[in-house]
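Structure first, then comments.
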Amino acid sequence: MRVTRNLLGLALGAAILIALPLVVKSSFAVDIFIRILLFSFIGVAWNLMGGYAKQLSLGHAAYFGLGAYTSTLLQIDFGVSPWIGMVAGGVVAMLASLPIGWLCFRLRGPYFTIATIATAQALMLIFLKFRDFAWGAEGTTIPNLGSAPLMMQFEGKAAYYYVVLGLLAVGLTITWLIERSWMGYYLVAIGEDEDAAEAIGVNAPRIKRDIYMISAFLTACAGTFYTQYIYFIDPATAFSFNISIEAALVSIVGGIGTLWGPVIGTVLLETTSALLQSWLGGSVGGIQLTVYSLILMAIILWRPTGLTGVATDAYRRFASRRPARA
């Protein structure tokens, strides 16, 4: 019965999401929906590493940027479709995660976090210097081909909405499969106590390496999509520290180590951000960061498990009060 309700709820939610751009005609509103889906996808990718395994990485912008630059270089220099470039960027990010992970996983706690930040910033500086290879600090625009679906270019924003919706569906499916596999149990064990997990036979370095590669691949796919969506790329945008922060923030607010946590957190934070920008514009400086900080502090102090934990506790209280069937 419970499985049936879950499937019905999932089908209803999917139907609403599919119909949304057909009903909402505002370009501004569709743009907000695209941002919500994009950062939900990035949060889902980060959550595999930072949520289930509790490896607080703040360097996922490195893989976002590598994916963006790989697909853009292939497109501009060789005419390769971004659909292929997206996969190629994911593979490059996976390969890059091996040496980065090998170095960073030797550290734990805040030292690991600082190391991941350093790797992303180092990559940004490298691409700033490679002017002949990657256009340097000026960046470059993506050639506008008009309506060219095979080159991931569309006339309307609705098509981009469906592309990123598909990416999010893939990310959630991968997370769901991992969550219910032996790898998911190993990740939770590593997140709770890595030394104890290794003592009972869990190969923690290999598990962290594998999940880091999956997380990097998904994040790189997001980088390719974002570049194609805004038609521009430069190191400051592709390797922006804000991307790493946003990925972690939406997961923490929504509930780390849960399937829907990043999605719930993104809906709250991105909707709040869009409404504040729409209502206040630039009249009140720093209001968005202030609200973000207040939400984060409230979640951490009141309910560390995030909004998903709040919903779970509320459902359990409601279920416990229901009268038992005769």
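Throughout, residue positions are numbered sequentially from 1 according to the sequence presented. Below, each value reflects all heavy atoms present in this structure, side chains not excepted, and no hydrogens, waters or symmetry copies.
In this pair, F130 and F133 present their aromatic rings perpendicular. The plane angle is above 60°, beyond the 30 to 60° band.
When the shell of 6.0 Å around OH of Y52 is examined, it contains more than 12 heavy atoms from other residues, nucleotides or ligands. Summarising the local packing, OH of Y162 is surrounded by more than 12 heavy atoms from other residues, nucleotides or ligands at distances under 6.0 Å. Remark: R131 CZ is loosely packed, at most 12 non-hydrogen atoms of other residues, nucleotides or ligands lying under 6.0 Å away.
Across every non-hydrogen atom of A248 and L58, the tightest pair is CB-CD2, 3.9 Å. Of all heavy-atom pairs between G257 and N47, the closest is N-OD1, 2.9 Å. Scanning all heavy atoms of the two residues, the minimum distance from S71 to T224 falls at OG-OG1, 3.2 Å. Heavy atoms only, all atoms of each residue included: A45 and T219 are closest at CB-OG1, 3.5 Å. The two residues I190 and Q55 come nearest to each other via the heavy atoms CG2-NE2, 4.2 Å. Of all heavy-atom pairs spanning G136 and P235, the tightest one is O-CD, 3.2 Å.
When atom types are taken as modelled, the side chain of S244 and the backbone of A61 share a donor-acceptor pair closer than 3.5 angstrom. No donor-acceptor pair closer than 3.5 Å links the side chain of W46 to the backbone N or O of L249. Checked by atom type and distance alone, the side chain of T237 never pairs as donor or acceptor with a backbone atom of I233 at under 3.5 Å. No donor-acceptor pair under 3.5 Å is formed between the side chain of S273 and the backbone N or O of L269. Put simply, the side chain of Q75 never gets that close to the backbone of M151: no donor and acceptor are under 3.5 Å apart. A donor-acceptor distance shorter than 3.5 angstrom exists from the side chain of T72 to the backbone of A68, with no hydrogens or angles considered. Judged purely by atom type and a 3.5 angstrom limit, T70 has no side-chain atom pairing as donor or acceptor with the backbone of G89.
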**OP:** List the steps and the verdict of side-chain contact (heavy atoms from CB on, under 4.5 Å) for F41 and F225.
**Re:** CA-CA 11 Å; F41 177 59; F225 171 82; over 6 Å; no
**OP:** Evaluate side chain to side chain donor-acceptor pair (under 3.5 Å) for Y160 paired with D31, printing each intermediate quantity in order.
**Re:** CA-CA 9 Å; Y160 290 100; D31 182 71; over 6 Å; no
Subject >> Intermediate values then yes/no, side-chain contact (heavy atoms from CB on, under 4.5 Å), R209 and W102 >> reply: CA-CA 8 Å; R209 179 201 66 197; W102 182 77; over 6 Å; no
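Criterion: ILVMFWY side-chain heavy atoms under 4.5 Å apart, direct or through other members. Under it, I230 and V30 are part of a common hydrophobic cluster. Under the 4.5 Å side-chain heavy-atom criterion for grouping Ile, Leu, Val, Met, Phe, Trp and Tyr, Y161 is connected to F154 within one hydrophobic cluster. Residues I114 and L103 do not share a hydrophobic cluster, clusters being chains of Ile/Leu/Val/Met/Phe/Trp/Tyr side chains in contact below 4.5 Å. Both L17 and L38 are part of a single hydrophobic cluster, where members link through side-chain heavy atoms under 4.5 Å apart.
You'll find the ring centres of F105 and Y212 inside the 6.0 Å limit.
Rounded to the nearest 0.5 angstrom, H60 NE2 and T116 OG1 are separated by 9.0 Å.
Salt bridge present: R206 and D210 bring a charged side-chain N and a carboxylate O closer than 4.0 Å.
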